[in-house]
Amino acid sequence: MKIGCPTEIKPQEFRVGLTPNAAQEAIGQGHQALVQKGAGIGAGFSDEDYIAAGAVMIDTAEEIFATADMIVKVKEPQAVERKMLREDQLLFTYLHLAPDPDQTNDLIASGCTAIAYETVTDNHGGLPLLAPMSEVAGRLAPQVGSWTLQKANGGRGVLMGGVPGVGPAKVVVIGGGVVGTHAAKIAAGMGADVTVLDRSIPRLRYLDDVFGGTFKNQYSTAGATAELIQEADMVIGAVLIPGAAAPKLISRAQLSTMKPGAALVDVAIDQGGCFETSKATTHADPVYEVDGIMHYCVANMPGAVARTSTIALGNATLPFMLALANKGWRQACTDDPHLLNGLNVHAGKLTYSAVGKALGIDVTSPQLALMAA
Ligand SMILES: NC(=O)c1ccc[n+]([C@@H]2O[C@H](COP(=O)([O-])OP(=O)(O)OC[C@H]3O[C@@H](n4cnc5c(N)ncnc54)[C@H](O)[C@@H]3O)[C@@H](O)[C@H]2O)c1
């Protein structure tokens with residue numbers, strides 16, 4: 001297969017869909033990697049890195065879209081890219097179609113076969129191509145929160161780990177899933193006194209078994225949250241109710257009960273945020289203040305560490321990409337129902353029911369799409 005990787009063109013996107021190592025693996029299995037010149041620069045990969053891996057560097061995205069059998073990307077194709085998709089082409093990338101009717105209609109009209117990273121599943125009920133970005137955002141949260149806590153950045157002037165004779169920062173993490181667990185690990189590693197709140201008892205059991213000596217956990221109620229935030233230097237919002245907007249777990253009125261200069265890091269901002277006073281910010285201007293409390297609410301946190309994020313995403317997508325290249329999408333999806341769950345669009349039809357429901361578009365089952373000639 002000819003695997004094409006264009007440069008990402010969405011503003012503020014520095015990641016790249018194919019790392020040199022992934023390209024080398026694909027080439028080793030008999031495929032060709034066509035990479036747009038400069039595609040890896042934002043993630044710290046030079047054209048020479050790709051050439052050393054055996055890739056062919058291509059001048060323009062147009063040439064890549066015109067020749068590749070499979071396009072591998074990070075972000076959903078932008079309008080200008082969607083116009084270049086071909087009927088017989090496979091697209092493997094994040095799509096997030098439910099809130100995006102324009103993109104959905106364009107993909108359907110293109111006739112391409114589109115597999116969305118975010119709906120590929122695994123045996124444990126997880127989303128293996130979304131998890132790496134949650135891991136990154138979770139691990140980044142205490143790092144940006146500790147910066148926010150510094151006096152010059154508007155914070156309380158508290159050091160995460162304290163020093164001998166001075167106690168550590170108190171960190172409350174609301175939501176103990178992928179983001180919350182990674183946030184808690186890093187905050188505890190920085191020496192903070194960490195408590196994780198979750199509403200799932202099996203999850204609390206897991207956290208207690210695995211991290212019992214590292215951080216505390218507590219069942220999440222409005223009362224427990226109200227009590228803990230009064231003492232907190234930092235609160236990290238990491239809740240998710242699948243398919244729903246994030247619940248508002250700290251009200252504006254509650255900010256006055258917190259310590260002035262405390263930091264709220266709302267990782268759940270991409271689902272609307274879990275604090276009443278959260279509004280999405282960018283890496284260029286990430287922090288703002290409300291009633292004396294500092295808010296960090298960047299919606300695409302992994303973009304801050306584009307190199308780590310690119311490699312983490314590339315590791316997770318590689319086995320699926322190789323299966324698609326080696327077997328073709330039909331056989332790969334027949335062999336792996338989790339990959340089939342990623343199928344969102346095929347031959348002019350939507351194949352993902354939740355997107356159809358959200359946008360009022362008729363859906364063909366992925367199994368039917370597989371069987372169609
Ligand atoms: N800002 C970013 O750049 C960025 C990056 C990655 C993920 N995210 C977001 O972070 C959020 C968390 O993602 P995740 O992968 O950890 O999800 P997850 O499903 O692994 O974990 C969510 C956890 O929240 C818990 N929860 C639900 N309601 C709760 C409540 N009222 N109180 C306490 N806990 C509650 C669930 O039991 C679950 O354990 C999502 O909104 C996700 O979209 C944001």
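Both counts, for ligands and for their atoms, begin at 1 and track the order of listing.
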Can an N or O of [X] be found at a distance shorter than 3.5 Å from an N or O of ligand 1?
{"X": "Ala137", "result": "no"}
{"X": "Leu240", "result": "yes"}
{"X": "Asp270", "result": "yes"}
{"X": "Ala299", "result": "yes"}
{"X": "Ile241", "result": "no"}
{"X": "Ser134", "result": "yes"}
{"X": "Val178", "result": "yes"}
{"X": "Val267", "result": "yes"}

At under 4.0 Å between heavy atoms, is it the side chain or the backbone of [X] that contacts ligand 1, or both, or neither?
{"X": "Val298", "value": "backbone"}
{"X": "Leu130", "value": "neither"}
{"X": "Gln271", "value": "side chain"}

Closest approach of any protein heavy atom to [atom], naming residue and atom:
{"atom": "atom 32 (N) of ligand 1", "value": "Ser220 OG, 2.8 Å"}
{"atom": "atom 10 (O) of ligand 1", "value": "Val179 CG2, 3.6 Å"}
{"atom": "atom 39 (O) of ligand 1", "value": "Asp198 OD2, 2.7 Å"}
{"atom": "atom 11 (C) of ligand 1", "value": "Val239 O, 3.5 Å"}
{"atom": "atom 3 (O) of ligand 1", "value": "Met301 N, 2.7 Å"}
{"atom": "atom 31 (N) of ligand 1", "value": "Arg199 CD, 3.3 Å"}
{"atom": "atom 21 (O) of ligand 1", "value": "Gly177 CA, 3.2 Å"}
{"atom": "atom 12 (C) of ligand 1", "value": "Ala238 O, 3.5 Å"}

Glu8 side chain to Val74 backbone, donor-acceptor under 3.5 Å: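 Judged by distance alone, yes, a pair lies under 3.5 Å.
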
Donor-acceptor pair, side chain of Ser110 and main chain of Leu107, under 3.5 angstrom: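 Answer holds: yes.
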
Distance under 4.0 Å to a non-hydrogen atom of [X]: what atoms of ligand 1 satisfy this?
{"X": "Asn300", "answer": "3 (O)"}
{"X": "Ala268", "answer": "41 (O)"}
{"X": "Ser200", "answer": "37 (O)"}
{"X": "Gly175", "answer": "24 (O), 33 (C), 34 (N)"}

Nearest-0.5 Å distance that lies between atom CZ in Arg252 and atom OG in Ser278: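 Interatomic distance, Arg252 CZ to Ser278 OG, rounded to 0.5 Å: 12.0 Å.
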
Point-to-point distance, once rounded to the nearest 0.5 Å, from CD of Glu81 to CD1 of Ile64: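 The CD atom of Glu81 sits 10.5 Å away from the CD1 atom of Ile64.
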
Donor on one side chain, acceptor on other, [X] and [Y], under 3.5 Å:
{"X": "Thr148", "Y": "Asn153", "result": "no"}
{"X": "Asp69", "Y": "Gln89", "result": "no"}
{"X": "Thr119", "Y": "Asn344", "result": "yes"}
{"X": "His295", "Y": "Asp266", "result": "no"}
{"X": "Arg139", "Y": "Thr308", "result": "no"}

From CA spacing to verdict: side chain to side chain contact (heavy atoms under 4.5 Å, CB included), Ile236, Val172: CA-CA 6 Å; Ile236 296 173; Val172 175; over 6 Å; no

cation_pi(Arg82, Phe65) dist<6.0 Å, angle<=45: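 No.
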
Within 45° cone and under 6.0 Å: Lys248 NZ/CZ vs Phe275 ring: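 Not flagged: Lys248 not positioned over aromatic ring of Phe275.
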
Mutual orientation of the aromatic rings belonging to Trp329 and His346 [parallel < 30°, tilted 30-60°, perpendicular > 60°]: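 Tilted, since the angle between the ring planes falls between 30° and 60°.
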
